[in-house]
Amino acid sequence: MLNEDKRQEMAAVREGILLVVSAPSGAGKTTLCRRLIDIFPDLYHSVSFTTRPRREGEQDGVDYHFVDVAAFCQMIEQNAFVEWAQVHDNYYGTARQTLDEARQSGRDLLLEIDVQGAAQLKKQQVTGAYVFIAPPSLTELEKRLRLRNTDSDEVIRRRIANARGELEQAAWYDYLIVNDHLEEAALALQGIVRAQRCRTSLVLSRHQAAWLTR
Ligand code: 5GP
């Protein structure tokens, strides 16, 4: 039988899941991730640091931590990012602290980051489910970007060109969801979270103490 100290020690190594989600702009990643948080409110959406200007409706500390280039570069020098990348002329990064805190507390974490950042995490062998969300075709992607009505022709052309490169990266991700039908894609993403939560090591870390004591 385990004593209380042992039980607490085992509870302290409770594992969380890490979901790393990437997609070309316009593939529906933000919508799918929002839906995911609605279904799993205990999945914590990491708040990245960025140098891009705040868009209307965005809140500092909620959507991003908005910082200037000097502050971002200082964080790079201090090794404060677990990954960072330049995307569409701006810098984006995930604080090492966010990942460490999630690990220590066993909190489930969602990172919505670009392919360069995801590749850096994979290279560091950060354990998690790496999910790529793809549009059914580049024609459909262009249609969606035009429907959004937020970008100029030039920006849309650049996003499509970037998408080609990003889609080439899809092959190394653990999961690839083609967002043809939103409902189906949302269910697929939820399925990944449910499966990750059933990983043996994670379930053991959460229940072993209770199973070994009575
Ligand atoms: P947006 O400016 O539209 O919010 O994001 C542009 C791109 O930057 C998206 O692909 C988004 O996933 C990515 N991004 C957001 N935060 C991070 C981050 O912390 N690291 C990396 N590598 N990419 C990020």
Side-chain angles (χ1 to χ4, degrees), residues 1-23 28-49 59 61-65 79-84 93-115 117-133 170 172-179 181-214:
M1 208 162 95
L2 294 179
N3 61 25
E4 189 52 31
D5 285 350
K6 188 69 188 164
R7 186 197 284 269
Q8 280 182 7
E9 186 191 315
M10 294 182 94
V13 295
R14 178 186 198 272
E15 265 184 55
I17 66 163
L18 173 68
L19 212 64
V20 180
V21 182
S22 308
K29 176 180 55 148
T30 307
T31 308
L32 286 167
C33 286
R34 276 206 195 117
R35 282 185 170 219
L36 197 64
I37 301 282
D38 285 346
I39 302 284
F40 303 109
D42 49 348
L43 183 61
Y44 175 76
H45 192 298
S46 161
V47 181
S48 296
F49 285 76
Q59 278 179 269
V62 176
D63 298 286
Y64 282 105
H65 297 289
N79 198 25
F81 292 121
V82 67
E83 64 75 29
W84 66 271
T94 304
R96 193 175 294 283
Q97 195 181 354
T98 305
L99 210 66
D100 288 348
E101 280 175 3
R103 274 203 194 114
Q104 279 154 21
S105 61
R107 184 193 239 181
D108 292 341
L109 187 63
L110 169 65
L111 303 185
E112 239 188 282
I113 61 176
D114 88 312
V115 290
Q120 289 169 38
L121 295 180
K122 190 81 170 177
K123 201 169 159 201
Q124 294 171 61
Q125 298 180 335
V126 173
T127 308
Y130 292 72
V131 184
F132 192 95
I133 295 169
W172 64 258
Y173 278 74
D174 302 314
Y175 298 95
L176 176 51
I177 298 176
V178 178
N179 185 10
H181 302 286
L182 188 66
E183 297 307 325
E184 286 292 320
L187 283 174
L189 197 54
Q190 287 167 32
I192 293 168
V193 171
R194 292 188 208 283
Q196 287 298 107
R197 285 184 169 174
C198 290
R199 277 180 34 243
T200 304
S201 67
L202 183 142
V203 178
L204 283 178
S205 78
R206 292 183 179 189
H207 293 276
Q208 207 163 36
W211 290 333
L212 296 176
T213 55
R214 31 177 219 105

So does Arg199 have more than 12 non-hydrogen atoms from other groups sitting under 6.0 Å from CZ?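 Enclosed: over 12 neighbouring heavy atoms sit under 6.0 Å from CZ of Arg199.
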Gap separating the [atom1] atom of [X] from the [atom2] atom of [Y], nearest 0.5 angstrom:
X	Y	atom1	atom2	result
Arg96	Glu83	CZ	CD	10.5 Å
Gln97	Leu99	CD	CG	11.0 Å
Leu18	Leu110	CG	CG	8.5 Å
Lys29	Ile113	NZ	CD1	9.0 Å
Cys33	Asp38	SG	CG	11.5 Å
Tyr44	Arg107	OH	CZ	5.5 Å

Can you see which heavy atom on [X] is nearest to which on [Y], and at what distance?
X	Y	value
Phe49	Ala95	CE1-CB, 3.8 Å
Leu176	Ala170	CD1-CB, 4.0 Å
Lys122	Tyr130	N-OH, 3.4 Å
Leu204	Trp211	CD2-CZ3, 3.7 Å
Gly28	Asn179	CA-ND2, 3.8 Å
Thr94	Ser48	OG1-OG, 4.3 Å

Please test Ile192 against Ile177 for side-chain contact (heavy atoms from CB on, under 4.5 Å), starting from the C-alpha separation and ending with a verdict. CA-CA 10 Å; Ile192 293 168; Ile177 298 176; 3.9 Å; yes
Indicate yes or no: at least one non-hydrogen side-chain atom of [X] is less than 4.5 angstrom from one of [Y].
X	Y	result
Leu182	Leu32	yes
Glu183	Arg35	yes
Leu109	Ile17	no
Leu111	Val21	no
Val47	Thr98	no
Gln196	Leu202	no
Arg197	Phe40	yes
Tyr173	Val115	yes

From the options Val131, Leu189, Ile133, select the one residue that forms a side chain to side chain contact (heavy atoms under 4.5 Å, CB included) with Tyr175. Val131
Looking at Trp84, is its backbone amide N or carbonyl O close enough to the side chain of Gln120 to form a donor-acceptor pair, meaning the two atoms are under 3.5 Å apart? yes
Taking ring pair (Phe, Tyr, Trp, His ring centres under 6.0 Å) as the test, write out the residues that go with His45, two or more places apart.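 In terms of ring pair (Phe, Tyr, Trp, His ring centres under 6.0 Å), with neighbours along the sequence ignored, His45 is linked to no residue.
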Test salt bridge (Lys or Arg N to Asp or Glu O under 4.0 Å) applied to Asp108 and Arg206, step by step: CA-CA 13 Å; Asp108 292 341; Arg206 292 183 179 189; 3.4 Å; yes
Set out, in order, the CA-CA distance, both residues' side-chain angles and the distance that settles salt bridge (Lys or Arg N to Asp or Glu O under 4.0 Å) for Arg103 and Glu15, then state yes or no. CA-CA 7 Å; Arg103 274 203 194 114; Glu15 265 184 55; over 6 Å; no
